[in-house]
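A quick write-up on the structure given underneath.
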There are 2 protein chains.
Amino acid sequence: MNIGELAKRTGLTNSRIRFYESAGLLKTVDRRPNGYRTYSSDAVLVLELITTAQKAGFTLDEIRTLLPSDLERWEHDALLDALRKKVRDIEALEHRLAESKAQLVGLIGDIEAKPGDMDCAANARRVLSRMLGKAVDTPTGAVDDKPAGKAMRRPRARAV
Amino acid sequence: MNIGELAKRTGLTNSRIRFYESAGLLKTVDRRPNGYRTYSSDAVLVLELITTAQKAGFTLDEIRTLLPSDLERWEHDALLDALRKKVRDIEALEHRLAESKAQLVGLIGDIEAKPGDMDCAANARRVLSRMLGKAVDTPTGAVDDKPAGKAMRRPRARAV
DNA sequence: CTTGACCTTCAACTTAACTGAAACGTTACG
DNA sequence: CGTAACGTTTCAGTTAAGTTGAAGGTCAAG
């Protein structure tokens, strides 16, 4: 089949298919005497594999190292390792997301919990100081930017 | 303070600070007669806000629309809306990650569950057909007619 | 006066995964 | 034969969030 037919069958664009070939992901391509690419039906499978793996979070680089030239001869152990590592990556990302979410939810609560008698500016400072985990200057005084001394160690901002 | 001092205080690079200014994120900057930028201590807060918001998943574009010119005058409602929306975004991402992970775990199990009497090629086809949720051609005319083959149809793999 | 540490601007480069245009060749149809 | 619909290559551009480097101005010390 020609590239247009393959594109129709997979739902990908011609340019994307050519791009995958140039990236070394699609090696099952022959040329007809006129220069046209011609594909077997395996190419459909390979492209579907690629898009599926992408949705699961694999980069094209990773996919290239895992895809066998022959669809029936996978590198069994390397594949399982990569799949397990990707699961661990997802779990790490889930963890980071949960932390970000908790921080955001806490911040929302903090903003909404403005005491009725506090004005907006004061509340802004209160929320800001909680969010950055440190003291925040009240703005009324003069700003001093004298160097005046060096090692003033503050706690690192919490990584999210 | 000069840009080098600000960089030291925030842990950012000079170029990154200039970049944030050019991106419209850091407007609290004056120039001395020699052209040098000069910052008040508020700039430290603004930069810490920016990096904190980034860690929580906000893009610089989003941060720019939310950051007030005056740290005490936030657009209260827009800010809360954005925070809530970001929480929903995170939840959607968590959902997609859970699906991806489930698919990967299922795939790992499927690969490991190779019947002892099945050869690798046949297992590859079996796993492939399950993963892509459809029939996969058996190559070279060898017809796979194991009778109970499709008995345990699991639910389709969902797009992620 | 020279050295070295700062500071300035501006353009180009980076990564990932493509997309689109330009300019051209091939095929199918009437 | 004309032309529309395919196909080809090559190159440039896109997005995000910066980094890097060149070429040069400023400042304090020795």
Side-chain angles (χ1 to χ4, degrees), chain A residues 1-26 29-40 43 46-67 82 86 89 93 96 100 145-147 150 159-160, chain B residues 1-26 29-40 43 46-67 86 89 93 100 159-160:
Chain A
M1 95 190 80
N2 280 352
I3 196 170
E5 172 71 13
L6 180 59
K8 241 168 259 166
R9 284 201 206 176
T10 57
L12 308 184
T13 59
N14 299 26
S15 65
R16 190 164 166 186
I17 294 171
R18 291 195 199 99
F19 171 74
Y20 284 159
E21 182 189 340
S22 82
L25 282 148
L26 184 54
V29 49
D30 280 327
R31 297 294 185 125
R32 306 230 308 272
N34 58 10
Y36 285 19
R37 289 168 179 85
T38 184
Y39 302 92
S40 78
V46 172
L47 290 178
E48 282 171 354
L49 261 178
I50 292 172
T51 54
T52 301
Q54 275 188 292
K55 285 177 198 154
F58 287 88
T59 66
L60 295 188
D61 258 17
E62 291 169 328
I63 296 171
R64 187 183 44 242
T65 68
L66 292 173
L67 258 187
K86 189 57 65 178
D89 290 349
L93 187 50
R96 293 201 315 120
S100 288
D145 61 348
K146 302 293 186 186
K150 49 184 205 171
V160 176
Chain B
M1 86 190 89
N2 281 352
I3 195 170
E5 171 70 14
L6 180 60
K8 240 167 262 165
R9 285 201 205 176
T10 58
L12 307 184
T13 60
N14 299 25
S15 65
R16 190 165 166 187
I17 293 171
R18 290 195 199 99
F19 172 74
Y20 285 159
E21 181 189 341
S22 82
L25 283 146
L26 184 55
V29 49
D30 280 327
R31 298 294 185 125
R32 311 233 308 270
N34 58 10
Y36 286 18
R37 288 170 180 83
T38 185
Y39 302 92
S40 79
V46 171
L47 290 178
E48 282 171 354
L49 261 178
I50 291 171
T51 54
T52 301
Q54 275 187 291
K55 285 178 198 154
F58 287 88
T59 66
L60 296 187
D61 258 17
E62 291 169 329
I63 297 171
R64 186 183 45 241
T65 68
L66 292 173
L67 260 187
K86 189 57 65 179
D89 290 348
L93 187 51
S100 288
V160 180

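Per chain, numbering begins at 1; letters A, B, ... match sequence-line order.
A straight line from CZ of A:Arg16 to C1' of C:dT19 spans 11 Å, rounded to a whole angstrom. Spacing between atom CG of A:Asn14 and atom P of C:dA17 amounts to 20 Å, rounded to whole angstrom units. One can place CG of B:Leu6 at 11 Å from P of C:dT8, the figure rounded to the nearest angstrom. What separates CD of A:Glu5 from P of D:dC6 is a distance of 11 Å, to the nearest Å. When rounded to the nearest whole Å, the span between CG of B:Asp61 and P of D:dT15 equals 11 Å. Across the protein-nucleic acid pair, B:Ile63 atom CD1 and D:dG18 atom P stand 9 Å apart, rounded to whole Å. If you measure from atom CZ of B:Phe19 to atom P of C:dT8, you get 17 Å, rounded to the nearest angstrom. Atom CD1 in B:Ile17 sits about 10 Å away from atom P in D:dT19, given to the nearest Å.
The nucleotide whose nearest atom lies closest to any side-chain atom of B:Ile3 is, among C:dT8, D:dG7, C:dC18, C:dT8. Taking the side chain of B:Tyr36 as heavy atoms from C-beta on, and the options C:dT8, C:dT26, C:dA17, the nearest nucleotide is C:dT8. Listed candidates were D:dG7, D:dT19, C:dA17. Nearest to the side chain of A:Thr59 is C:dA17. Comparing D:dT8, D:dA17, C:dT26 by their nearest atom to the side chain of A:Asn34 picks out C:dT26. Checking D:dG18, D:dT20, C:dT19 against the side-chain heavy atoms of B:Gln54 singles out D:dG18 as nearest.
Residue B:Thr13 has a polar side-chain atom (N or O) positioned under 4.0 Å from OP1 or OP2 of D:dT19. Within the structure, a side-chain polar atom (N or O) of A:Arg37 is placed less than 4.0 Å from OP1 or OP2 of D:dT8. Dashed line: the shortest gap from a side-chain N or O of A:Tyr20 to OP1 or OP2 of C:dA17 is not under 4.0 Å. A close approach under 4.0 Å does occur between a side-chain nitrogen or oxygen of A:Ser15 and OP1 or OP2 of C:dT19. When the side-chain nitrogen and oxygen atoms of B:Arg64 are compared with OP1 and OP2 of D:dA16, none of them lie within a distance under 4.0 Å.
Of all heavy-atom pairs spanning B:Ser100 and A:Lys55, the tightest one is OG-O, 3.4 Å. When all heavy atoms of B:Leu67 and B:Leu25 are compared, the pair lying nearest together is CD1-O, 3.5 Å. Here the shortest heavy-atom pairing between A:Arg18 and A:Ile3 reads CG-CD1, 3.5 Å. Of all non-hydrogen atoms in A:Leu66 and A:Phe58, the two that sit nearest each other are CD1-CE2, 4.0 Å.
As judged by a 4.0 angstrom heavy-atom cut-off over every strand, A:Arg31 is placed among residues touching the sugar-phosphate backbone only. Using a 4.0 Å heavy-atom cutoff across all strands shown, A:Arg18 reaches at least one base atom of the nucleic acid.
Here the CG atom belonging to B:Leu47 is positioned 10.5 Å from the OG1 atom belonging to B:Thr52, to the nearest 0.5 angstrom.
Of the residues listed (B:Ile63, B:Ile17, B:Leu12, B:Thr10), the one engaging B:Ile50 in a side chain to side chain contact (heavy atoms under 4.5 Å, CB included) is B:Ile63, and it is the only one.
With the nearest nucleotide of DNA chain C identified for both B:Gly35 and A:Leu60, B:Gly35 has the one nearer the 5' end.
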